[in-house]
Asks: 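Quick one: this structure, given as structure tokens, is what I'll be asking you about.
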Amino acid sequence: MSLLSVCIFLTSTLTVVSTQYIPPYTEECRTGMYPPQGPTFKGAVTLYTVDLDLPPSKRWTALMTDKKDEMSSMIKVIKDLADAFVPSGKLIEFVDAFLPLIVDTLPYPFNEELKGIASATGVPLGEVALFNLFYEVFTVCTSIVAEDPDGNLIHGRNLDFGLFLGWDVKNKTWAITEKLRPLVVNVDFQRGNHTVFKSTALAGYVGMLTGMKPHSFSLTVNERFSLNGGYIGIIEWLMHHRDAMWMGFLTRSVLENATSYEEAKAVLSTTKLLAPVYFILGGNQTGQGCIITRARKDNLKPLELNSKQGRWYLLQTNYDHWKKPLFLDDRRTPGMKCMNQTLQSNISWKSLYDVLSTKPVLNKLTTYTTLMDVSNGKLESFVRDCPSPCMPW
Ligand SMILES: *[C@@H]1O[C@H](CO)[C@@H](O)[C@H](O)[C@H]1NC(C)=O
Ligand SMILES: *[C@@H]1O[C@H](CO)[C@@H](O)[C@H](O)[C@H]1NC(C)=O
Ligand SMILES: *[C@@H]1O[C@H](CO)[C@@H](O)[C@H](O)[C@H]1NC(C)=O
Ligand SMILES: *[C@@H]1O[C@H](CO)[C@@H](O)[C@H](O)[C@H]1NC(C)=O
Ligand SMILES: *[C@@H]1O[C@H](CO)[C@@H](O)[C@H](O)[C@H]1NC(C)=O
């Protein structure tokens, strides 16, 4: 499987899918969507506790015992896609033989946690590892951090996952996205029976894409596409060049260990990464919100909230804030239009949910919506769907 064939595969998928959908399904800004109801709401998310005082190999046992079947069903779709891509089952043979060796190169406690997940679910270790690597490269999303008139910060995000992964022409759904929805869980990570941080997680994935340390900071991650992207960092890792950090492990350790917005910001801005990414960070007081646009080493054009300059919110999709989004995938303009229309005087938990419920900010890849309010320690998330007509991404 060469990079060239990956590109041709992705480009042809994009073309097939997009020609069915031009012009994009953009709608008027939604209102009155909260409390969640109707066809775009597929259910509340179950809350689990993960006890960080347990040995890493035992932490996920209870949760993964519950989600065993859902995880197996997800892995089966990944295998079917791999078989369609490289027929003969050779790709998965490679995964089963080779990826378990990678697990031992991953930093503690993540290596042990992956082994614990494999033994709780019966999914082969190599496939658990594959499942974890997936998120380093296939997540597209929208994140918004906004300051209300009282200087209180609200942070919301849609997680859109599964782009290019098995478009079902008849059902107009993405195979992976469909299988991911049942894996969405809220997790309260505790030590000594006290919350260390809360997150919306994907059962089986030990990294964090969405989380909050109550009264301190909130964090979301969006994919950043780049030529010097995830593949190169992962290949370097395989070639024993291991001074960079996996994105999901970095966010998880920041949520576990950082004690303030400033500390989280410093670590996320400077740690060398395997792949480029956007971090959207909110704090617990006025002015504390930023977009950290990461190259593997550098932090490019940091952007901060500044109410005095009229920047009372930051909205990040999957394009650098100083560049135009790809014309086929502009979720930024509709999202900003709705934020602007809402006005700072009217921004709230409810109105942020409205923005995140407006197409194409809400699209066929949208797996969940999470809202976080750091000051009162509240995190809510909802499984989402976008029945047709709706943009595929
Ligand atoms: C398509 O949708 C139908 C009805 O909801 C379902 O039974 C079928 O399994 C779906 N196909 C795929 C490939 O998901
Ligand atoms: C946490 O609570 C459980 C029961 O609620 C108790 O058995 C356990 O000892 C507590 N652990 C700690 C570290 O306080
Ligand atoms: C904000 O966070 C800092 C660092 O965690 C903490 O010292 C401070 O008390 C927090 N302020 C509020 C209002 O929660
Ligand atoms: C929203 O408002 C900001 C700040 O006034 C402005 O820069 C931006 O162009 C507006 N965007 C849209 C889509 O209305
Ligand atoms: C502000 O919110 C109130 C109450 O939810 C609503 O009645 C009003 O129409 C909103 N105003 C704008 C400009 O959105």
Side-chain angles (χ1 to χ4, degrees), residues 24 26-30 47-55 58-59 61-62 142 144-155 188-198 211-219 253-268 281-291 301 303-317 319-327 329-347 351-352 354-356 358-361 372-379:
T26 302
E27 61 182 3
E28 288 302 307
C29 300
R30 289 274 179 171
L47 176 66
Y48 289 85
T49 299
V50 166
D51 184 355
L52 295 169
D53 292 325
L54 289 175
K58 304 280 185 234
R59 288 174 185 170
T61 304
T142 303
I144 305 174
V145 57
E147 192 168 316
D148 76 10
D150 303 327
N152 187 39
L153 293 162
I154 314 166
H155 192 153
D188 193 327
F189 287 85
Q190 300 191 344
R191 260 193 216 111
N193 288 343
H194 290 291
T195 299
V196 178
F197 70 99
K198 296 180 180 181
M212 170 182 73
K213 195 148 201 164
H215 312 293
S216 191
F217 63 87
S218 53
L219 172 63
S253 64
V254 163
L255 284 160
E256 257 183 71
N257 303 316
T259 54
S260 67
Y261 169 81
E262 294 299 343
E263 185 185 345
K265 187 171 145 192
V267 174
L268 294 169
L281 185 67
N284 65 8
Q285 51 202 277
T286 180
Q288 288 189 337
C290 61
I291 296 173
K301 302 187 196 260
L303 185 66
E304 306 216 312
L305 283 177
N306 188 328
S307 278
K308 287 201 188 84
Q309 290 177 14
R311 207 156 53 241
W312 59 273
Y313 72 89
L314 298 170
L315 184 151
Q316 177 64 44
T317 61
Y319 303 93
D320 296 345
H321 63 79
W322 61 94
K323 290 183 189 156
K324 278 205 170 111
L326 182 68
F327 76 101
D329 176 31
D330 186 4
R331 286 163 285 124
R332 184 203 290 165
T333 309
M336 287 183 76
K337 188 185 110 193
C338 295
M339 290 300 287
N340 289 0
Q341 208 167 303
T342 304
L343 303 174
Q344 186 174 18
S345 56
N346 239 17
I347 198 68
S351 54
L352 193 56
D354 287 336
V355 175
L356 292 168
T358 300
K359 297 172 196 174
V361 177
M372 300 181 279
D373 182 335
V374 165
S375 298
N376 61 29
K378 189 167 151 197
L379 178 149

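FYI, side chains are in, hydrogens and waters are out, and symmetry mates aren't considered; it's all heavy atoms of this structure. Atoms within each ligand, like the ligands themselves, are counted from 1 in listed order.
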Asks: Mark up the atoms of ligand 3 that fall under 4.0 Å of a heavy atom belonging to S216, in ascending order.
Replies: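 In order of number, 5 (O).
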
Asks: Given side chains that start at C-beta, do those of R332 and Q316 come closer than 4.5 Å, heavy atoms only?
Replies: no

Asks: Pull out every atom of ligand 3 sitting under 4.0 Å from any heavy atom of T259, numbered as shown with elements.
Replies: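 Counting atoms of ligand 3 from 1, those under 4.0 Å from T259 are 4 (C), 5 (O).
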
Asks: So which protein heavy atom does atom 9 (O) of ligand 4 come closest to, and at what separation?
Replies: N340 ND2, 4.8 Å

Asks: Does the side chain of D330 pick up a donor-acceptor pair with the side chain of Y319 at under 3.5 Å?
Replies: no

Asks: When you measure from atom 14 (O) of ligand 3 to the protein, is at least one non-hydrogen atom found at a distance under 4.0 Å?
Replies: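 Yes; the ligand atom in question has protein heavy-atom contact below 4.0 Å.
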
Asks: For atom 7 (O) of ligand 3, is some protein heavy-atom partner under 4.0 Å away?
Replies: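 For atom 7 (O) of ligand 3 the answer is no, since every protein heavy atom stays at 4.0 Å or beyond.
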
Asks: When you compare ligand 3 with Q285, is there at least one nitrogen or oxygen pair between them that comes in under 3.5 angstrom?
Replies: no

Asks: Without hydrogens or angle criteria, can the side chains of Y313 and N340 be said to hold a donor-acceptor pair below 3.5 Å?
Replies: yes

Asks: Using only heavy-atom distances, determine whether the side chains of S375 and N284 contain a donor-acceptor pair under 3.5 Å.
Replies: no

Asks: Is E27 reaching over with its side chain to a backbone N or O of K359, donor-acceptor style, under 3.5 angstrom?
Replies: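 Answer holds: yes.
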
Asks: Would you mind reporting whether L281 and Y261 have side-chain heavy atoms less than 4.5 Å apart?
Replies: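 Y261 vs L281: side chains touch.
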
Asks: Show me which atoms of ligand 3 lie under 4.0 Å from any heavy atom of H215.
Replies: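 Listed by number with element: 1 (C), 2 (O), 10 (C), 14 (O).
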
Asks: Measuring to protein heavy atoms, does anything land under 4.0 Å from atom 11 (N) of ligand 4?
Replies: yes

Asks: Does T317 use its side chain to pair, donor to acceptor, with the backbone of R331 at less than 3.5 Å?
Replies: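 Answer holds: no.
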
Asks: Does K58 offer a backbone N or O that forms a donor-acceptor pair with the side chain of T61 under 3.5 Å?
Replies: yes

Asks: Is atom 2 (O) of ligand 2 touching the protein, meaning some protein heavy atom lies under 4.0 Å away?
Replies: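 Yes, there is one.
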
Asks: Show the atoms of ligand 2 that are less than 4.0 angstrom away from any heavy atom in G192.
Replies: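 Within the 4.0 Å cut-off of G192, ligand 2 contributes 13 (C).
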
Asks: Could you list which atoms of ligand 4 come closer than 4.0 Å to a heavy atom of T333?
Replies: 13 (C)

Asks: To check your reading of the model: name the closest protein heavy atom to atom 4 (C) of ligand 2, its residue, and the distance in Å.
Replies: N193 ND2, 4.5 Å

